[in-house]
Protein chains: 2
Amino acid sequence: MAATRQRSIPARLDSAAKACAARGARLTELRRQVLALMLDSDGPLTAYQLLDRLREMRERAVPPTVYRALDFLMEQRLIHKVERLNAFMPCSDTGHDHPAQFLICRQCGRVAEIEDRVAAEALEHAAERQGFHARSAVVEIDGTCAACFHRA
Amino acid sequence: MAATRQRSIPARLDSAAKACAARGARLTELRRQVLALMLDSDGPLTAYQLLDRLREMRERAVPPTVYRALDFLMEQRLIHKVERLNAFMPCSDTGHDHPAQFLICRQCGRVAEIEDRVAAEALEHAAERQGFHARSAVVEIDGTCAACFHRA
DNA sequence: ACCTTGGATGTTATTTTATATCCTCTCTAG
DNA sequence: CTAGAGAGGATATAAAATAACATCCAAGGT
Ligand SMILES: [Zn+2]
Ligand SMILES: [Zn+2]
Ligand SMILES: [Zn+2]
Ligand SMILES: [Zn+2]
């Protein structure tokens, strides 16, 4: 079991369910289980890591089971995909539409989500200047986290 | 054959070779062929698209052939990987070390490389504030390019 | 010229990641 | 009831990337 976080997992699941309902979508049992696994993890999980864990509860799970749930959760903005890791993690700020910005530690594998308005706006403007209509932006920064840096 | 670009492909290959040599690396025939294919393409290419094209010149090519060349070209900062597309494209500013920033058009598949110093610096500072030591940053913005937007 | 050596490439196989397709079940709007 | 949509089950396959080991070959020292 992962360390305790700001809000309890059941509370986060419930507010996720409400957010979905408000948009006319259903956080079904399967989707809830998948989201719960992600909330319970210390770091990002790949689809197949998630599948392994899901099978403990749901023997019949296969890749499409997981990918469909992941697609749904991404549409609902409850999770993000970390492209550089082909892995997924819960959004730290559930439901709010914002560009995904991550700090990815190469040493420990941990990923921190940040929200830098200055960078986000600079990128918006840069896109506009090219006449480009932005839908979604991803920022992923590789490096060494403070903890790993001090350890070294 | 793709449209003519700012500088001729042979000229770009030659300056790439020089840049490699300056760093004690060799732009071998294989690597040169792979880079040439990318320079000749109108858009990003996946490793397997590249493999198909490469086989026209080099029958024995297999996935590791391509991936090794791609790894080399990325180390030499001659190309970038576009994570959201699992595809690769030449750097627009060969050899200079800079964060990769892309505008990806969903409609036409074209990818434009931009270089926004404001965003890059904002992200650097954001990382620093967390005590994070950044190595390399990737920015990928999905949306619709000006041409496709006007067409619609 | 002759080794030696490390980088580059060849070769085979496999792993990891993601999607296509078709079917069944359930719920509900009409 | 009953069509239609959404959710999930099931099978198969495609796409992307890497592992591991063999061979080649270019460059530098002798
Ligand atoms: Zn988020
Ligand atoms: Zn770390
Ligand atoms: Zn570049
Ligand atoms: Zn376009």
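Computed from a predicted structure; not experimentally measured.
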Subject >> From dA10(D), dT12(C), dT9(C), nucleotide with atom closest to Val62(B) side chain >> reply: dT12(C)
**OP:** Look at the aromatic rings of His80(B) and His98(B) and report parallel, tilted or perpendicular, splitting at 30° and 60°.
**Re:** perpendicular
Subject >> Per Pro63(B) side chain, nearest of listed nucleotides dA16(D), dA26(D), dT18(D) >> reply: dT18(D)
**OP:** Report the residue (Asn86(B) or Thr65(B)) whose heavy-atom-nearest nucleotide on DNA chain C is the more 5′ of the two.
**Re:** Thr65(B)
**OP:** Can you figure out which of dA12(D), dT11(C), dA18(C) approaches the side chain of Tyr67(A) most closely?
**Re:** dA18(C)
**OP:** Would you check, one step at a time, whether the test salt bridge (Lys or Arg N to Asp or Glu O under 4.0 Å) holds for Arg32(A) with Asp14(A)?
**Re:** CA-CA 9 Å; Arg32(A) 194 181 176 94; Asp14(A) 287 347; 2.8 Å; yes
Original post:
The side chain of Pro64(B) lies closest to which of these nucleotides: dA10(D), dT11(C), dG9(D)?
Top reply: dT11(C)
Subject >> side-chain N/O Lys81(A) vs dT17(C) OP1/OP2, d < 4.0 Å >> reply: no
**OP:** State, to 0.1 Å, how close Pro90(B) and Arg12(B) come at their nearest heavy-atom pair, and which atoms those are.
**Re:** CB-NH2, 4.5 Å
Original post:
Nearest to the side chain of Arg26(B) - dG9(D), dA8(C), dA18(C)?
Top reply: dA8(C)
Original post:
If we require ring centres under 5.5 Å and near-parallel planes under 30°, does Tyr48(A) stack on dT17(C)?
Top reply: yes
**OP:** Please state whether the base of dG6(D) and the side chain of Arg68(A) form at least one donor-acceptor pair under 3.5 Å?
**Re:** no
Original post:
Counting side-chain heavy atoms from CB outward, which of dA16(D), dA20(C), dA18(C) is closest to Phe88(A)?
Top reply: dA18(C)
Original post:
Is a side-chain N or O of Arg55(A) found less than 3.5 angstrom from the main chain of Ala61(A), in a donor-acceptor match?
Top reply: yes
Original post:
Could you give the CG-to-P distance, from Leu45(B) to dA17(D), as a whole number of Å?
Top reply: 13 Å
Subject >> Which nucleotide in dG10(C), dA18(C), dT9(C) has an atom nearest any side-chain atom of Arg60(B) >> reply: dG10(C)
Original post:
Quick one: which of dA7(D), dA10(D), dA16(D) gets closest to the side chain of Arg31(A)?
Top reply: dA7(D)
Original post:
Out of dA10(D), dG8(D), dG9(D), which nucleotide sits closest to the side chain of Thr28(A)?
Top reply: dG8(D)
